[in-house]
Amino acid sequence: QTESSAMDSRRLCWLFFFLIVLWRWVTISAKVQLCLHRRITTWLVPALQWYTLFLIGSAGILVWSAFEILLKYAIMDAEETESNLRQIWVSSNTTFATFDLFAEEVRIPLWLSRLNILGVFAAVPTFGLSARHVLHLVRISAERAKDSDYEQARNTEWKPATRVNLVLLVIL
């Protein structure tokens with residue numbers, strides 16, 4: 001992966017998070033929620049909520065990162081690693097006089113590399129547990145809204161209550 005494509009990946013992730021925050025800000029309005037609930041088919045309303053879009057996008061980023069780590073870096077041999085490090089050393093303004101000093105400074109111990117790979121596998125169930133918790137809170141909020149005495153709450157069942165919205169923000 002080139003440095004520019006890595007930068008593009010990071011920019012894309014930050015853009016995604018910015019757009020989610022913006023969409024959350026727009027959709028916490030009762031008027032926007034009422035419009036969504038009245039004009040769109042039932043299955044699409046929960047799909048357009050900020051928390052659903054965030055979970056889908058985050059799952060995509062997680063899968064993308066896992067594939068990148070497992071298929072590009074975990075199987076990289078020592079020669080390719082040295083070649084990549086040499087390119088970085090030549091193209092950057094380092095204070096290291098020799099490549100060997102530079103390589104020794106940035107060398108990642110094998111145990112830490114393996115721990116990094118385990119971290120990728122640990123992220124999947126962690127994300128799954130968080131997503132399940134979020135969806136559980138949303139479902140409870142939607143059920144309470146259906147049974148509410150307030151017409152606006154009944155008409156915007158997929159809009160979480162303010163308290164639940166803040167809890168979702170903390171969890172995610």
Side-chain angles (χ1 to χ4, degrees), residues 1-76 84 108 111-172:
Q1 179 174 353
T2 64
E3 187 175 327
S4 65
S5 66
M7 184 61 76
D8 290 343
S9 300
R10 286 190 293 266
R11 285 185 184 139
L12 189 62
C13 288
W14 281 111
L15 177 64
F16 165 72
F17 288 123
F18 173 75
L19 290 174
I20 289 294
V21 168
L22 185 64
W23 184 244
R24 180 187 175 273
W25 181 73
V26 168
T27 59
I28 59 174
S29 163
K31 289 180 181 179
V32 172
Q33 286 292 328
L34 198 55
C35 181
L36 282 173
H37 281 78
R38 285 187 178 162
R39 298 181 192 267
I40 299 177
T41 59
T42 307
W43 68 270
L44 196 54
V45 174
L48 289 176
Q49 299 298 319
W50 73 269
Y51 48 83
T52 306
L53 296 173
F54 181 81
L55 288 173
I56 291 168
S58 296
I61 291 169
L62 177 64
V63 168
W64 178 15
S65 298
F67 275 115
E68 188 172 54
I69 289 171
L70 296 175
L71 297 178
K72 286 186 178 181
Y73 300 113
I75 60 172
M76 190 180 291
N84 290 341
I108 298 172
W111 68 269
L112 187 56
S113 175
R114 299 294 184 241
L115 188 62
N116 184 38
I117 293 169
L118 284 175
V120 172
F121 290 113
V124 174
T126 302
F127 178 79
L129 186 62
S130 297
R132 184 182 181 284
H133 189 66
V134 164
L135 296 175
H136 177 72
L137 280 175
V138 167
R139 193 182 77 242
I140 288 172
S141 182
E143 288 171 1
R144 286 184 181 163
K146 277 184 184 177
D147 298 333
S148 176
D149 293 335
Y150 299 105
E151 183 179 350
Q152 183 172 354
R154 284 192 310 271
N155 292 334
T156 58
E157 66 184 271
W158 290 107
K159 176 189 183 289
T162 303
R163 178 185 58 83
V164 174
N165 205 332
L166 293 173
V167 169
L168 293 175
L169 193 60
V170 168
I171 291 172
L172 297 175

> Can you tell me how far the CG atom of L62 sits from the OG1 atom of T126, to the nearest 0.5 Å?
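The distance works out to 9.5 Å.
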> Going by side-chain contact (heavy atoms from CB on, under 4.5 Å), name the residues that satisfy it together with F67, two or more places apart in sequence or in a different chain.
V63, L71
> State the CG-NE2 distance between L34 and H37, to the nearest 0.5 angstrom.
8.5 Å
> State the CG-CD1 distance between L70 and I75, to the nearest 0.5 angstrom.
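Rounded to the nearest 0.5 Å, the CG-CD1 separation comes to 9.0 Å.
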> Roughly how far, to the nearest 0.5 Å, is the CH2 atom of W25 from the CD1 atom of I20?
15.5 Å
> Would you say the side chain of T52 lies within less than 4.5 Å of the side chain of L48, judging by non-hydrogen atoms?
no
> At their closest point, which heavy atom of F127 faces which heavy atom of S58, and how far apart are they?
CE1-CB, 3.6 Å
> Find the distance between SG (C13) and CH2 (W64) and round it off to the nearest 0.5 Å.
5.0 Å
> Run the side-chain donor-acceptor check on residues 115-123: report pairs under 3.5 Å with partners two or more places apart or on a different chain.
none

> Could you give all pairs that pass the salt bridge (Lys or Arg N to Asp or Glu O under 4.0 Å) test and reach residues 125-135, with sequence neighbours left out?
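Sorted pair list comes back empty.
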> My understanding is that only residues two or more places apart in sequence, or in another chain, count here; which of them pass side-chain contact (heavy atoms from CB on, under 4.5 Å) with T27?
W23, V32, Q33, L36, W50
> How long is the gap from CD1 on I61 to CD1 on I56, to the nearest 0.5 Å?
12.5 Å
> Under the salt bridge (Lys or Arg N to Asp or Glu O under 4.0 Å) rule, what pairs show up with a residue in residues 133-142, not counting sequence neighbours?
R139-E143
> Kindly indicate whether the side chain of M76, heavy atoms from C-beta on, has any atom under 4.5 Å from the side chain of N84.
yes
> By ring pair (Phe, Tyr, Trp, His ring centres under 6.0 Å), which residues pair with F17, not counting sequence neighbours?
F54
> Do other residues, nucleotides or ligands put more than 12 heavy atoms under 6.0 Å from the CD1 atom of I108?
no
